[in-house]
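What follows is one structure encoded as structure tokens, with my remarks underneath.
First the proteins, then the strands, lettered A, B, ... as listed; each starts at 1.
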Amino acid sequence: MAEQMKKYETPLLNELEKGPWPSFVKEIKAAAEWNQMANDLLGLLERSYREKIGHWKHGGIVGVMGYGGGVIGRYTNLPEEFPNVSHFHTMRINQPAGWFYTAEALRTLADIWDRHGSGLTNFHGSTGDIIFLGTRTEELEPTFAELTQAGFDLGGSGSDIRTPSCCCGMARCEWACYDTMKLTYFLTQHYQDEIHRPAFPYKFKFKCSGCPNDCVAAIARADFSIIGTWRDEIQIDQEMVREYAKNGVDINKEIVMMCPGRCIEWDGEELKIDNSSCRHCMHCINVMPKALAPGKDRGACILLGAKAPIVEGAILSSVIVPFVKLDTEESFNDIVELIDAILEPWIEEGKNRERVGEFIQRVGLGNFLEAIGLDPQPEMIRHPRTNPYVFYENYLEEE
Amino acid sequence: MAEQMKKYETPLLNELEKGPWPSFVKEIKAAAEWNQMANDLLGLLERSYREKIGHWKHGGIVGVMGYGGGVIGRYTNLPEEFPNVSHFHTMRINQPAGWFYTAEALRTLADIWDRHGSGLTNFHGSTGDIIFLGTRTEELEPTFAELTQAGFDLGGSGSDIRTPSCCCGMARCEWACYDTMKLTYFLTQHYQDEIHRPAFPYKFKFKCSGCPNDCVAAIARADFSIIGTWRDEIQIDQEMVREYAKNGVDINKEIVMMCPGRCIEWDGEELKIDNSSCRHCMHCINVMPKALAPGKDRGACILLGAKAPIVEGAILSSVIVPFVKLDTEESFNDIVELIDAILEPWIEEGKNRERVGEFIQRVGLGNFLEAIGLDPQPEMIRHPRTNPYVFYENYLEEE
Amino acid sequence: MAETVQKRITDIGPPHYEKFLPPIIKENYGKWKYHEIPRPGVIVHTSETGAKLYTVRAASPRLLSTTKIRKFAELAEKYSDGYLRFTSRHNVEFLLSDPAKIDPLIQELEAIGHPVGGTGNAISSMVHTQGWIHCHSSATDASGVVKSVMDELIDYFKTMKLPAKIRLALACCLNMCGAVHCSDIAILGIHTRPPKVNHELLPKVCEIPNVVASCPTAAIRPSTFQGKPSVEVDEEKCMYCANCYTVCPAMPLNNAETDGISIWVGGKVSNARSEPMFSKLAVPYLPNNPPRWPEVVQTVKKIVEVWAANAHKHERVGEWIERIGWPKFFKLTGIEFTKQHIDDFKHAGLTYKTSVHLTY
Amino acid sequence: MAETVQKRITDIGPPHYEKFLPPIIKENYGKWKYHEIPRPGVIVHTSETGAKLYTVRAASPRLLSTTKIRKFAELAEKYSDGYLRFTSRHNVEFLLSDPAKIDPLIQELEAIGHPVGGTGNAISSMVHTQGWIHCHSSATDASGVVKSVMDELIDYFKTMKLPAKIRLALACCLNMCGAVHCSDIAILGIHTRPPKVNHELLPKVCEIPNVVASCPTAAIRPSTFQGKPSVEVDEEKCMYCANCYTVCPAMPLNNAETDGISIWVGGKVSNARSEPMFSKLAVPYLPNNPPRWPEVVQTVKKIVEVWAANAHKHERVGEWIERIGWPKFFKLTGIEFTKQHIDDFKHAGLTYKTSVHLTY
Ligand code: SRM
Ligand code: SRM
Ligand code: SRM
Ligand code: SRM
Ligand code: SF4
Ligand code: SF4
Ligand code: SF4
Ligand code: SF4
Ligand code: SF4
Ligand code: SF4
Ligand code: SF4
Ligand code: SF4
């Protein structure tokens, strides 16, 4: 692709090469030195900066053979002036669980993209995919072929299961209550068809966090949120606690007073936790990682329904399974069973562009639980109803 | 009224004469000894207990000349069997502010009611009125005449201003931040016409509590809730604080840890309060009334909109004026102005049977504030909006 | 009654309260400094001036005969210079300036069946409503249930051994005249069947558009019955609020077999510590079982005792539950958690548990 | 590319992560005991086995050229045996087993313009989205705003002197791909004018029923324009969510003059101490002012600094505001409180202040 490059003046963008934070403009220019698409992107972006408006059109449906997802079609509305971004589709490549790479793997990806695209990427997209940022329709299939040869595959887009993601978990964190990367890989492989071939009312996302710190924001960003937790006593090393106290942690102010379960006592010698009132918030552990640790009976809490505000307002996932062990193959299969049970009524009765969280709010959590065969549990709610408008359906059968 | 009494067997009600709590059945029987209405009520009630169902019909409109409120019409659906309760209307008599009486006043009321009604009453109804429980239509006017002669008047019912009520306040409480009884009397007198002649979309209630303990449940039970509070420092008698500590109050556990403002410190010697974070909840004062007291710059917070659940769900009053002084005639008149400003849009645009709280939720607090000419203040809300659906109306004018 | 016809007096409002205030209150109005509760039912208010007012509080069934009212008047004259008041929870309070008269007054009150107490960390009288005594709308009786519950809990009225105040209230239908929606424990009369439309009566006494509009769940549709205009109810949509009955007598919901009582917990009104809270559903349905409603009495008692045994000092029922979590509440009380506890009304989604703050 | 056409491979999913884990992680997988943060950007994880893993975290613009990717690969080979990862906030992390290599790596990273930090009580990279670089829907750019804000706040990335973590995020339209709805400080691109219907195009490319259904406020009605079917928008009802545009290209909202940015505060995701919270509106509108968006930068900086100066240790922005109350937040930041802050959407009533828990 080394033909003659058009040279764009970019006074506004040049401003963004200055300053200590790494500059995306420098990145675009680096690619623009040799890549026509990147070069036209630079020109188009300067234009947007000048006019304070984007220059992209709605993307039509483009993709690779046999897949419905994984590619976001994009075309500029100024194709004459910027012919090399007349097509500028992005490809979503399913990242390895936990976003771990080797230098070699990164180079392989870079080489493929240099052959077929803009030379620009996102590491990563906010769902978790590797984003190959911008190429032409005819390049999609060859890129895909090389990716799969190299052992990579596309992620989700459209109304399908989206690329699952997870925190680094047991690979690099002492607090992981289950193997987030293993479960994420398992689910990703199990749902390959559903990830690649949209067949749902709308998107459906998985995120796996190893503990209640929720480092992948599962509760806010995934329809199906798996968050690690424990059931038994917090592990305490009293010696270390005293150590922290000596080194200036004000245990009463910073921990006792801030514990939401109000279940910690500190007499200057010993830290007592009434575990029966512990809310598993992680705070005390976070502040004294060398002294405290989650218990030994570990597993996860499963929550359902998170989404962004469009269109009925944002929703956070809510508890659907208060605690589940995740240490066996069966336990992974049980998760799949649960997911399938959840997908079924949603796929059948969900409206077009209705996320599962919106669906549950429409039909009511109680009815939804009946539909998927789970018993109502007080853990699923913040508090029981305050309004007296209770349905006593039983009689409908009776009579 | 001393003709021959019908004798009713009341095996079920007799059960409720037993036990330590004062028995309403004994009260009914006391009246039934000489009063035909009370006697038939006894029989009718036994019948309800046997059949597990009430025997009253919807009340038609009955009342005294020129008033639309103050009387609740009531008729039994078993007039043949219980002719003396074929009519059984209640009269609501506006109680003296704070529910204070003299023996003489009580006797006057009792005498009037013996001449015209069932000899049964409620001290008091749950809005606050004295309830004369049950009489015939033709007795209403004469009863009313005697009441007014004695200096009493009817309270509200129907879609009008309801009988205001208040806590005993300055008459018998050290925490009263304004004169609840004086304001209640003032408002009651000012709104005589609106109390007696329903002309609103629905009922409108006032309640005045002298401090945030809210001993008349104003925030839950009055459309217009006036709750005393203060703006300056809590008054502290450190000597007394130590006294309480000595006498067994665990100040850290019972007060410091329970302070919602987290603004109290106790070193065993001195109690420090960061008044700038005090939420004016009263807790510390409640626990140590001899040591602490509300500040000296006292007034009230005004809240709007409380109601029971029918039909969109219960509503608690919410802040409409964060703080107002109530120590002058003008300040009382300002309250009246505020009330009138609130009533106006509600009377004009409120739907039939729509309480002011429901009205505000329908039109939106922001629009309502504009309508009554108050500036939006952050004190009026729990938190700003979480949804991004903001209206930028300004341009509607601009363009 | 000759004189009463002479001239007609209206809009005079209630008598001015000052007429009814004892001298000690007039003198110390706004000057009270602090109070003490030396024993259950007795509150001593001390003024800046040093003056002391002794209040003796006695239980009342709220429904009083004129006979009893005269009795109270007599006691007031004998012990409190003729001055007395009633409270916002319908107890009667005698306002004494002479402490020597406290004991004899209490003896006499107990003797005539009006126990003294209800102060401080106690169970005070239950706010309640009319029930079968006067209201057409009631799904249960009020006074009888209150009497049965308070007979069982009397000990908590006469002592102050509870962790905090606990406010009980009863309303005999969803109109909630007892304002039970913010009570520590609320007893609520409920219908559990849709209205039975009286097609004969309806067109005569009701505005069909109003009836249709009255239904929050849009369960009521206009229809015709034997040629005459009427309404029909989509029973699947009805949750028995009785709002239609309130606006139209031809839609009664009262039903001897299926009316009953639901129990609500954890509400509060005061701003002390936590903000005011609504009561939440604890038990969806208990049968109407007069004259003593044993199921209701035992359920309320159980909740009171579990709370009393587990709450921290000063923790109201709702505050206690917030600390231990609702799952623990159901476990400790043995109350079954059902689909009916899960909100399905307007803001239901906001009641789902959107965190992993759970106790195991 | 001869080989690629041979056989078509599909549905293989991503490579197995184990291929990419350094030996030290394989050996200590699930055995980590605790971590320390000896200096900003360096995290040391110690295993039960005593093994230590040294993570060096560097800033990334997220938008990376293949050139930079090769550079990272080269650094990884030089310092961390070829192993590296990226974080959920798009920083790059080098996974070292030899502590001696930490300093030289940091020097080289700083040298190529990738500052090291973002750990502990710091400002880490901003989660953000495509903006003018790739999305048709954007109301502002993403990368440029992020660059401008982070240039200003860089000191908080490179140190750990803040009271707690503070998470910043940006989304360029209400779709909120950056999931900014739970961020300590969120920057949100907004349209402030209704869509301009392209009546020519609409009937050709859109299903009118879908367009009508897409509007949450029912502002869109079917209509006809010069005989052809189209839609019309009741501008008074429109709050510019752009959902109609998402389903129909003929309803663009983008507007160079009136598009802009709103600022949101107090959200969080973690369960630490408080439950997860949504972000709340702080500033309804700031202009799009490229290339450096000074109004946005200064507003964000002001909020960060007021929080840093006033919060208790460990208090996230939302927790701090809950303690001091919203009135204080507006007072301290000098941000004006307006009608637009008051919720008027579905559950608005529940955001009104129903207590007297106020500070004065
Ligand atoms: C690429 C990415 C932003 C980024 O720069 O990282 C992205 C880009 C788009 N998102 Fe997104 N979303 C991306 C993550 C998200 C997230 C965050 C997440 O997944 O954790 C959310 C919020 C969480 C959620 O799912 O609710 C998100 C919520 C949306 C929504 C609103 C969905 C809703 O139910 O509220 C839309 C609108 C739609 O679906 O039509 C949307 C739509 C879009 C579209 C396809 C625009 C459109 O309307 O068709 C954007 C294409 C931009 C482009 O041209 O490249 N995107 N989108 C992210 C995907 C990359 C990846 O695969 O890793
Ligand atoms: C007598 C009293 C109950 C009692 O035993 O004390 C009462 C009795 C009735 N109330 Fe009430 N309400 C009484 C205080 C209340 C309260 C409590 C309060 O005022 O503090 C409330 C809850 C607070 C509120 O206003 O929301 C209350 C909320 C209702 C409602 C529901 C209103 C709503 O907007 O949700 C209705 C239904 C209606 O208005 O049609 C209602 C309707 C009724 C009716 C008139 C029945 C009807 O549907 O027409 C009852 C007449 C009963 C009878 O035959 O005697 N009553 N009503 C109370 C008035 C006595 C007095 O004047 O002192
Ligand atoms: C007499 C009465 C006001 C009146 O004008 O009638 C009254 C009087 C006092 N209240 Fe009250 N309250 C009265 C109804 C209420 C109510 C309303 C209700 O129950 O419907 C409340 C709100 C209840 C709620 O939150 O649901 C109420 C919440 C309080 C509180 C806050 C308790 C808490 O911790 O939440 C206090 C403070 C305390 O007791 O520590 C208080 C304290 C007091 C004090 C100590 C105030 C004082 O210094 O005199 C008075 C005597 C205390 C006592 O009874 O133990 N009063 N008090 C009412 C007596 C009702 C009764 O017969 O039992
Ligand atoms: C690397 C990463 C996970 C990953 O697989 O990528 C990660 C790693 C760690 N997180 Fe996290 N968190 C990571 C994103 C998150 C997120 C998600 C987000 O920001 O979008 C959250 C939720 C944020 C929120 O609540 O809005 C998150 C909330 C926490 C918390 C809770 C903080 C709090 O008090 O609320 C802790 C505990 C702590 O830091 O004390 C924590 C602690 C940690 C520890 C100390 C866990 C450990 O023992 O290794 C890790 C290094 C700490 C550090 O960065 O200071 N991590 N952490 C993510 C790094 C992002 C970055 O580049 O900065
Ligand atoms: S979510 Fe928990 S387990 Fe996962 S990285 Fe964060 S702190 Fe570690
Ligand atoms: S994890 Fe949270 S709730 Fe549990 S003890 Fe620690 S601080 Fe308290
Ligand atoms: S509300 Fe306050 S002032 Fe009034 S009686 Fe109760 S405690 Fe006293
Ligand atoms: S009144 Fe309440 S908030 Fe204020 S200091 Fe006392 S306990 Fe704390
Ligand atoms: S609660 Fe219902 S039944 Fe009871 S008095 Fe009020 S309206 Fe009548
Ligand atoms: S009872 Fe309530 S829900 Fe049922 S039909 Fe009547 S108004 Fe509608
Ligand atoms: S937030 Fe909006 S504009 Fe930005 S990438 Fe997502 S859809 Fe596009
Ligand atoms: S922008 Fe949103 S609110 Fe406005 S018309 Fe389109 S869909 Fe409706």
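Side-chain atoms of A/His196 and D/Asp11 form a donor-acceptor pair, as typed in the model, at a separation below 3.5 Å. No hydrogens or angles considered: a donor-acceptor pair under 3.5 Å links the side chains of D/Asn243 and A/Arg353.
A/Asp214 contributes atom CG, which lies 10.0 Å from atom NZ of D/Lys268 (distance to the nearest 0.5 angstrom). Atom-to-atom distance recorded for A/Leu133:CG and D/Leu64:CG is 10.5 Å, nearest 0.5 angstrom. If you take CG on A/Leu106 and CZ on D/Phe72, they are separated by 9.5 Å, rounding to the nearest 0.5 Å.
At a threshold of 4.5 Å between non-hydrogen side-chain atoms, the residues D/Lys147 and A/Ser23 count as touching. Using a 4.5 Å heavy-atom threshold, the side chains of A/Val311 and D/Ser214 count as separate. Counting heavy atoms from C-beta outward, D/Glu93 and A/Phe100 have side chains that stay 4.5 Å or more apart. Residues A/His58 and D/Val205 form no side-chain contact, since every pair of their non-hydrogen atoms from C-beta on lies 4.5 Å or further apart. Put simply, the side chain of D/Asn271 does not reach to within 4.5 Å of the side chain of A/Asn213, judged on heavy atoms. A/Phe144 places none of its side-chain heavy atoms less than 4.5 Å from the side chain of D/Ile9. A heavy-atom distance below 4.5 Å is not found between the side chains of D/Cys241 and A/Pro309. Under the 4.5 Å side-chain criterion, counting only non-hydrogen atoms from C-beta, D/Leu63 is in contact with A/Leu120.
Residue contact with chain D, scored on non-hydrogen atoms closer than 4.5 Å, involves the backbone of A/Glu51 exclusively. For chain A, no part of D/Ile24 is nearby; none of its heavy atoms comes within less than 4.5 Å. Proximity to chain D (any heavy atom under 4.5 Å) is shown, for A/Ala176, by neither the backbone nor the side chain. Residue D/Lys158: no heavy atom, backbone or side chain, is found under 4.5 Å from chain A. Heavy atoms closer than 4.5 Å to chain D are found in the side chain of A/Leu45, but not in its backbone. Of the two parts of D/Phe345, only the side chain, counted from C-beta on, holds a non-hydrogen atom closer than 4.5 Å to a non-hydrogen atom of chain A. Neither the backbone nor the side chain of D/Ser137 comes within contact range of chain A, judged by heavy atoms closer than 4.5 Å. When heavy atoms are compared at a cutoff of 4.5 Å, D/Cys215 does not approach chain A at all. Contacts of A/Thr90 with chain D are made by both backbone and side-chain atoms, with heavy-atom separations under 4.5 Å. Contacts between A/Lys307 and chain D at a heavy-atom distance below 4.5 Å involve the backbone alone (N, CA, C, O). For chain D, the nearby parts of A/Thr121 are the backbone and the side chain; heavy atoms of each come within less than 4.5 Å. Of the two parts of A/Leu12, the backbone and the side chain both hold a non-hydrogen atom closer than 4.5 Å to a non-hydrogen atom of chain D. In this structure, the portions of A/Val64 lying under 4.5 Å from any heavy atom of chain D include both its backbone and its side chain. Using a 4.5 Å cut-off between heavy atoms, A/Arg47 makes no contact with chain D at all. Only the side chain of A/Tyr67 has a heavy atom closer than 4.5 Å to any heavy atom of chain D. Contacts between A/Ile255 and chain D at a heavy-atom distance below 4.5 Å are absent for every atom of the residue. Contacts of D/Leu53 with chain A are made by side-chain atoms alone, with heavy-atom separations under 4.5 Å and no backbone atom involved. Neither the backbone nor the side chain of A/His190 comes within less than 4.5 Å of any heavy atom in chain D. For chain A, the nearby part of D/Phe157 is the side chain; its heavy atoms alone come within less than 4.5 Å. For a residue to count as touching a neighbouring chain, one of its non-hydrogen atoms must lie under 4.5 Å from one of that chain's; by this rule A/Ile219 touches chain D with the side chain only. Contacts between A/Asp111 and chain D at a heavy-atom distance below 4.5 Å involve backbone atoms as well as side-chain atoms.
Between A/Phe88 and D/His134, the ring planes are tilted. Angles from 30° to 60° get that label. Ring geometry for A/Tyr185 versus D/Tyr17: interplanar angle over 60°, hence perpendicular rather than tilted (30 to 60°).
Between A/Pro20 and D/Ile154, the closest heavy-atom pair is CG-CG2, 3.6 Å. Shortest non-hydrogen contact noted between A/Ala103 and D/Ala73 is CB-O, 3.4 Å.
A salt bridge links D/Arg8 with A/Glu141: at least one charged nitrogen is closer than 4.0 Å to a carboxylate oxygen. In summary, A/Glu174 and D/Lys31 do not engage in a salt bridge, as defined by a charged side-chain N under 4.0 Å from a carboxylate O. Between A/Glu254 and D/Arg273, no side-chain nitrogen of the basic residue sits less than 4.0 Å from a carboxylate oxygen of the acidic one, so the salt-bridge criterion is not met. Under a 4.0 Å N-O distance rule, the pair D/Glu257/A/Lys52 does not qualify as a salt bridge. Checked for salt-bridge contact, D/Arg70 and A/Asp114 meet the test: a charged N lies under 4.0 Å from a carboxylate O. Taking 4.0 Å as the cut-off between side-chain N and carboxylate O, D/Glu36 and A/Lys290 count as a salt-bridged pair.
If you look at A/His283 and D/His314, their ring centroids are closer than 6.0 Å. In this structure, A/Phe24 has its ring center no closer than 6.0 Å to that of D/Trp132. No close placement of the D/His90 and A/Trp99 rings is indicated, their centers lying 6.0 Å or farther apart.
Side chain of A/Arg74 to main chain of D/Cys135: no donor-acceptor pair is present (N/O by atom type, distance under 3.5 Å, no hydrogens or angles). In this structure a side-chain-to-backbone donor-acceptor pair under 3.5 Å is missing from A/Thr148 to D/Thr10. No donor-acceptor distance shorter than 3.5 angstrom exists from the side chain of A/Glu15 to the backbone of D/Pro291, with no hydrogens or angles considered. Between the D/His181 side chain and the A/Ala220 main chain, a donor and an acceptor come within less than 3.5 Å of each other.
Interface summary for chain D: among A/Lys351, A/Lys26, A/Met258, A/Met282, the most heavy-atom pairs under 4.5 angstrom belong to A/Met258. When the candidates A/Ala308, A/Pro289, A/Gly66 are compared by the number of heavy-atom contacts under 4.5 Å with chain D, A/Pro289 comes out ahead. Interface summary for chain D: among A/Arg279, A/Lys57, A/His280, the most heavy-atom pairs under 4.5 angstrom belong to A/Lys57.
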Q.
Please evaluate residues D/Glu275 and A/Arg382 with respect to the criterion salt bridge (charged side-chain N to carboxylate O under 4.0 Å, His left out), reporting the C-alpha separation (whole Å), side-chain torsions for both, the decisive distance (0.1 Å), and the verdict.
A. CA-CA 11 Å; D/Glu275 296 181 295; A/Arg382 197 169 292 287; 2.8 Å; yes

Q: Before giving the answer on ring pair (Phe, Tyr, Trp, His ring centres under 6.0 Å), spell out for D/His114 and A/Trp21 the whole-Å C-alpha distance, their side-chain angles and the decisive distance to 0.1 Å.
A: CA-CA 7 Å; D/His114 286 268; A/Trp21 192 252; 8.7 Å; no

Q) Do A/Arg107 and D/Glu77 pass the salt bridge (charged side-chain N to carboxylate O under 4.0 Å, His left out) test, and can you show the C-alpha distance, the side-chain angles, and the key distance before you say yes or no? A) CA-CA 12 Å; A/Arg107 281 209 196 83; D/Glu77 272 162 348; 2.6 Å; yes

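Under a cut-off of 6.0 angstrom, the local environment of NZ in D/Lys346 is crowded, with over 12 non-hydrogen atoms contributed by other residues, nucleotides or ligands. Within 6.0 Å of the CD atom in D/Glu48, the count of heavy atoms belonging to other residues, nucleotides or ligands exceeds 12.
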